[in-house]
Visitor: 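Below you will find the structure I want to go over with you.
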Amino acid sequence: MEGPSLYLAANQLKPFRGKTVLSVSGNTKIEKERILGKEVKSIFSWGKHLIIQFDEFALRTHFLLFGAFEAELNHSTLTGDYKRAYTPRLQLDFENGNIKLFSCSVKFLETRNAKASYDFTIDIMSPKWSPDKAFDSISSKPDALIADVLLDQEIFAGVGNIIKNEVLWRVRIHPETKVKEIPPSQLKELIAETKKFSLLFYKWRKVFQLRKHLDIYQKSICPRCGAKVKREKTGKRNRISHFCPVCQMGDENLDQPNLS
DNA sequence: ATTCATGTTGTGAT
DNA sequence: TATCACAACATGAA
């Protein structure tokens, strides 16, 4: 699950702010009983994390590859694509509804203000996100492959494999291009496009229409030039890159008009 | 039936 | 010490 989905979750769960947890269940091994009777102070996301802040501690959730959330508000579905039949990792019940968190990692943060410990300037969905900071962080890793850099949660918190592939396709950069091989102007374009696409991802995900808007991820033909899409494990992270071997051939000169 | 993938963390070897 | 390969976790779609 990528950053925009978490940002969406945090937004959709806002009706539970100020509500008290009436019952707790789930197959998590953490001491979930301590949540009983506590009031939800705030809910927010950072990168791929969803954080529920209580008075003296916070609950941090990470959905990894297969995680999901569902919620009901006043007996109708608030969010969730369908009803899962299996036991949630953690379920919180309120007087106005419930939150179910599936197949995720959950952890307590011993703080009254978890939000203060996160750097939102690197969170792709945050209004505080800084393209200049991203530029500096990326530039400090000249030999890294751009496919790895986009997945680096200390640079682009919230960016996952879908966003990585779609953005690289949009700016026509080969996933195995080294940072130092990318001209500054194109790197800035990449950074701006990452933010732009993440907002689109959010918009589409909200109405369950993400898939139909993807151009390169799990596609067989490049919609721009018709070439057969390549899939290769790339970089140190060994994640699959989906790219067009024609549009993204890594020859920067072809992107620049020849003015001589 | 089998494989793969919107991801991260920890362990043990090199 | 740093880096790496691999395992573990967990679900649903192709």
Side-chain angles (χ1 to χ4, degrees), chain A residues 1-12 26-30 45-51 59-70 79-91 100-109 118 122-125 140-141 143-145 147-170 175-176 178 193-221 229-243:
Chain A
M1 200 177 278
E2 306 197 11
S5 302
L6 275 299
Y7 191 73
L8 177 66
N11 280 158
Q12 290 176 324
N27 58 17
T28 179
K29 288 172 186 165
I30 64 171
S45 70
W46 178 88
K48 296 171 187 169
H49 291 170
L50 178 70
I51 298 98
L59 183 77
R60 190 200 71 184
T61 303
H62 195 300
F63 292 98
L64 293 96
L65 220 50
F66 313 128
F69 62 91
E70 293 172 20
T79 186
D81 38 7
Y82 62 96
K83 305 269 188 193
R84 281 146 189 87
Y86 51 92
T87 308
R89 178 75 76 247
L90 186 64
Q91 175 169 349
K100 295 178 185 176
L101 307 170
F102 297 91
S103 319
C104 52
S105 77
V106 286
K107 184 188 176 184
F108 286 121
L109 303 177
Y118 287 100
I122 64 170
D123 176 5
I124 193 65
M125 292 307 291
S140 73
K141 297 176 181 291
D143 291 312
L145 300 190
D148 279 335
V149 168
L150 277 162
L151 292 176
D152 188 335
Q153 299 301 295
E154 292 180 9
I155 299 179
F156 288 109
V159 170
N161 211 30
I162 294 179
I163 297 175
K164 178 198 84 178
N165 285 303
E166 292 293 322
V167 169
L168 287 174
W169 178 80
R170 284 171 167 240
E176 291 177 301
K178 283 186 178 180
E193 196 62 34
T194 304
K195 174 74 175 182
K196 206 158 132 191
F197 184 80
S198 296
L199 293 174
L200 286 171
F201 188 123
Y202 173 80
K203 189 176 109 183
W204 295 328
R205 171 71 181 70
K206 197 174 187 175
V207 292
F208 304 111
Q209 289 191 351
L210 174 65
R211 222 85 199 180
K212 63 185 267 192
H213 286 101
L214 300 182
D215 288 313
I216 197 76
Y217 182 81
Q218 291 185 344
K219 298 291 173 189
S220 52
I221 300 295
V229 172
K230 273 200 165 190
R231 293 186 192 187
E232 284 174 13
K233 283 198 172 182
T234 55
K236 293 182 179 180
R237 289 166 197 274
N238 229 22
R239 299 295 300 277
I240 301 264
S241 283
H242 307 233
F243 61 98

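Convention: sequence-line order gives letters A, B, ...; per-chain numbering from 1. Predicted, not measured: the structure shown is a model, and the values here were computed from it.
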Visitor: Here's a test of your reading of the structure: between A:R60 and A:E2, which maps to the more 5' nucleotide of DNA chain B?
Guide: A:E2

Visitor: Round to the nearest Å and state the distance from A:D143 atom CG to C:dA2 atom P.
Guide: 18 Å

Visitor: Can you tell me how far CG of A:D148 sits from NZ of A:K141, rounded to the nearest 0.5 angstrom?
Guide: 10.0 Å

Visitor: Tell me: NE2 of A:H49 to P of B:dT8, nearest whole Å?
Guide: 8 Å

Visitor: Whole angstrom is fine here: how far is it from NZ in A:K236 over to P in C:dT3?
Guide: 6 Å

Visitor: Just checking, any donor-acceptor pair under 3.5 angstrom between side chains of A:K230 and A:S241?
Guide: no

Visitor: List every contact pair, protein side and nucleotides 11-14 of chain C side both N or O, where the distance is under 3.5 Å.
Guide:
| from | atom 1 | to | atom 2 | distance (Å) |
| --- | --- | --- | --- | --- |
| C:dT11 | OP1 | A:S103 | OG | 3.3 |
| C:dT11 | O3' | A:Y86 | OH | 3.3 |
| C:dG12 | OP1 | A:Y82 | OH | 3.0 |

Visitor: Can you tell me how far C1' of B:dA5 sits from NZ of A:K219, to the nearest Å?
Guide: 16 Å

Visitor: For the CD atom of A:E2 and the NZ atom of A:K164, what is their distance to the nearest 0.5 Å?
Guide: 10.0 Å

Visitor: Do any side-chain nitrogens or oxygens of A:K48 fall under 4.0 Å of OP1 or OP2 in B:dG7?
Guide: yes

Visitor: Hey, can you tell me if A:W204 and A:H213 have their rings parallel, tilted or perpendicular (30° and 60° cut-offs)?
Guide: parallel

Visitor: To the nearest 0.5 Å, what is the distance between CG on A:L199 and OG1 on A:T194?
Guide: 11.0 Å

Visitor: Measure the spacing between OG of A:S103 and CG of A:N27 and express it to the nearest 0.5 Å.
Guide: 8.0 Å

Visitor: Report the nucleotide, chosen from B:dA5, C:dC4, B:dT8, that has the shortest atom-to-atom distance to any side-chain atom of A:L65.
Guide: B:dA5

Visitor: Please classify the nucleic acid contact of A:I163 as base, sugar-phosphate, or nothing, using heavy-atom distances under 4.0 Å.
Guide: nothing

Visitor: Hey, what do you get for NE2 (A:H62) to CG (A:L6), rounding to the nearest 0.5 Å?
Guide: 7.5 Å

Visitor: Roughly how many Å is it from CZ in A:R231 to C1' in B:dA5, rounded to a whole number?
Guide: 10 Å

Visitor: Using whole Å, what does the distance between atom C1' of nucleotide B:dG7 and atom CG of A:L50 come to?
Guide: 16 Å

Visitor: Quick check: are there more than 12 heavy atoms from other residues, nucleotides or ligands sitting under 6.0 Å from CD of A:E154?
Guide: no

Visitor: Would you sketch DNA chain C in dot-bracket for me? Only Watson-Crick or G-U wobble pairs with both distances under 3.5 Å count, crossing pairs as [ ], other-strand pairs as |, the rest as dots.
Guide: .||||||||.||||

Visitor: When rounded to the nearest 0.5 angstrom, what is the spacing between OG in A:S220 and NE2 in A:H242?
Guide: 12.0 Å

Visitor: Rounded to the nearest Å, what distance is computed from the NZ atom of residue A:K107 to the C1' atom of nucleotide B:dG10?
Guide: 13 Å

Visitor: Ignoring backbone atoms, establish whether A:Q153 has a side-chain N or O less than 4.0 Å from OP1 or OP2 of B:dT8.
Guide: yes

Visitor: For A:I240 and B:dC4, what is the distance between atoms CD1 and C1' respectively, to the nearest whole Å?
Guide: 8 Å

